[in-house]
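The next block holds one structure in the form of structure tokens; read it before the comments.
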Amino acid sequence: MSILIKNGRIITASDDYIADIFIDGDKITTIGKSLDIKADQVIDAKNKIIIPGGIDPHVHLDMPFMGTSSSDNYETGTTAALFGGTTMVIDFILQTQGKSLHDALKEWQGRSNENALSDYSFHMAVTDFNENTKAEIKTMIEEEGITSFKTFMAYKGALMIDDRQMVGLMNEVKKQGGMVTVHATNGDMIDFLVAKNRAEGNLSPLYHYLSQPEITEAEATGRFADMAYYTDCPAYVVHMTCEGALNHIRAVGKRNQKVFVETCIQYLVLDASLYDKGFESAKWVMSPPLREKKDQESLWAGINQGTVQIVATDHCPFMWEQKKMGEHDFSKIPNGHPAIENRMELLFSEGVNKGRISLNKYVEITSTNVAKIFGMFPQKGCIAVGSDADLVIIDPQEKHTLSAKTHHMNCDYSGYEGMQLTGKCKTVILRGKIAIDDNKLLLKKGYGKFIKRKKSNGII
Ligand code: DUC
Ligand code: ZN
Ligand code: ZN
């Protein structure tokens, strides 16, 4: 199967030009002006933008969490991803405390194998670091191609590790050529505030927000960066939300330390005023919570200054019935919201169209940096001869409205209901196959492939 895409405006992290792209099988084989090559299919991309397929490095599909499971499985979640211009996701495997990393890997493979439509990879969340886990790091990296190890500084009793384990893990991951990533919030401070609010009868979703003030994230981010500095371990902070945390990262730049930062689309476009809606605010109960306008400004600035390298989603949807588990106690509301389908179009509309970021920056933070930081470049994250033919053709003028009525995520509400966007993903190509064409799904489940990743040295 071959495809010739004619006259599109090709945008990469560094280029912007009009040309044709020829795809043979699953790879891009030729790029040039007025290509005269016979193809099985020709796509006219005049007046359209062509970007590398989006890569979302932070999603939770079919994940057991807070007494329930996230409502998108591999089939529904990766289908929704494709509709929204994301051709690859990185999901999180959660080690069960007391069990091995390999046990957890098998469990996640059971859920993902033969079920994905987009490509995917895993981060391994180490929730119990000990001599046995330590021995598994090398094989995870070298045999399984899982090179990033997620840690939680919160969710005590289920996911959190202490600083002793953190430093031990960093030492080993550094030695084996991987990267440590973190949910950086001070779990003990949060637990104190949650208990205090519950004891005082403050039980609405607003108190989820008030139990995780900015300082809980800023403190943990600084502590994590210091431990990474001491161990010289490549480091990455997931879902950063606020100015205080970002300031810690700006500060470590002075000692020539690089700590990568991811924010998520919701922290750029939504704010904490949504916690003023009674129980409806449960839609936006996530950790960390939404923040203030000044934090949004900091994050946009961080993107343009290069301190924030990636915009992800932390996609972790729950049905409204599941959110109601916390109707009388905010601490029982499953944390997370649906966004896997919305990231690319929201960021295009709110970022590029509103003049906050350039088109090149848009590509950099939605695919190129993800591929570089997580060991997949140049197979993924660029438009180049020899790269996987993962492409999104965007109509930059088309207007549309986000709604649970039309989205493909398995979630009966949208955190962005009624938002009007300009810019729509029209055609999505994954490894040379048309996945989405004008709002129609053309791929079958099982097409999505597990991508083994290379070692990362913390330099991009
Ligand atoms: N935060 C969420 O909101 N959901 C999943 C896990 C997390 O850290
Ligand atoms: Zn998290
Ligand atoms: Zn997460």
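Note that ligands are numbered from 1 as they come in the structure, with each ligand's atoms numbered from 1 the same way.
Under a 4.0 Å criterion applied to the non-hydrogen atoms of H239, ligand 1 contributes the atoms 8 (O). Residue contact check: C316 has heavy atoms under 4.0 Å from atoms 4 (N), 5 (C) of ligand 1. Residue contact check: M286 has heavy atoms under 4.0 Å from atoms 3 (O) of ligand 1.
The nearest protein atom to atom 6 (C) of ligand 1, hydrogens excluded, is given as F65 CZ, 3.8 Å; this is a heavy-atom distance. Counting only heavy atoms of the protein, atom 3 (O) of ligand 1 lies nearest to S287 N, 2.9 Å. Closest to atom 4 (N) of ligand 1 among all protein heavy atoms lies N335 O, 3.0 Å. Closest to atom 7 (C) of ligand 1, if we only count protein heavy atoms, is Y155 OH, 3.4 Å.
Of the listed residues (H183, H239, H123), just one forms a ring-ring contact (aromatic ring centres under 6.0 Å, His included) with F152, and that residue is H183. The only member of D91, D314, N335 that meets side-chain hydrogen bond (donor to acceptor under 3.5 Å, both in side chains) when paired with H60 is D314.
Within the 3.5 Å criterion, the main-chain N or O of V180 finds no donor-acceptor partner in the side chain of K150. Remark: side-chain polar atoms of E217 are paired, donor with acceptor, to backbone N or O of T241 under 3.5 angstrom.
Here CD of Q212 is found 4.0 Å from OG of S287. Values are rounded to the nearest 0.5 Å. The distance from atom CG of L421 to atom CG of L402, rounded to the nearest 0.5 Å, is 4.0 Å.
Distances from the Zn ion (ligand 3) to the N/O/S atoms of D314 are shortest for OD1. Closest N/O/S atom of H183 to the Zn ion (ligand 2): ND1.
A donor and an acceptor atom, one from each side chain of N73 and T76, are located under 3.5 Å apart.
Contacts between H183 and ligand 1, counted as non-hydrogen atom pairs separated by less than 4.0 Å, involve the side chain only.
Outside the 6.0 Å centre-distance limit, the rings of F279 and H328 are not counted as a close aromatic pair.
Distances shorter than 4.0 angstrom do not occur between any heavy atom of H337 and any atom of ligand 1.
Annotation: angle subtended at the Zn ion (ligand 3) by H60 NE2 and H58 NE2 is 110°, to 10°.
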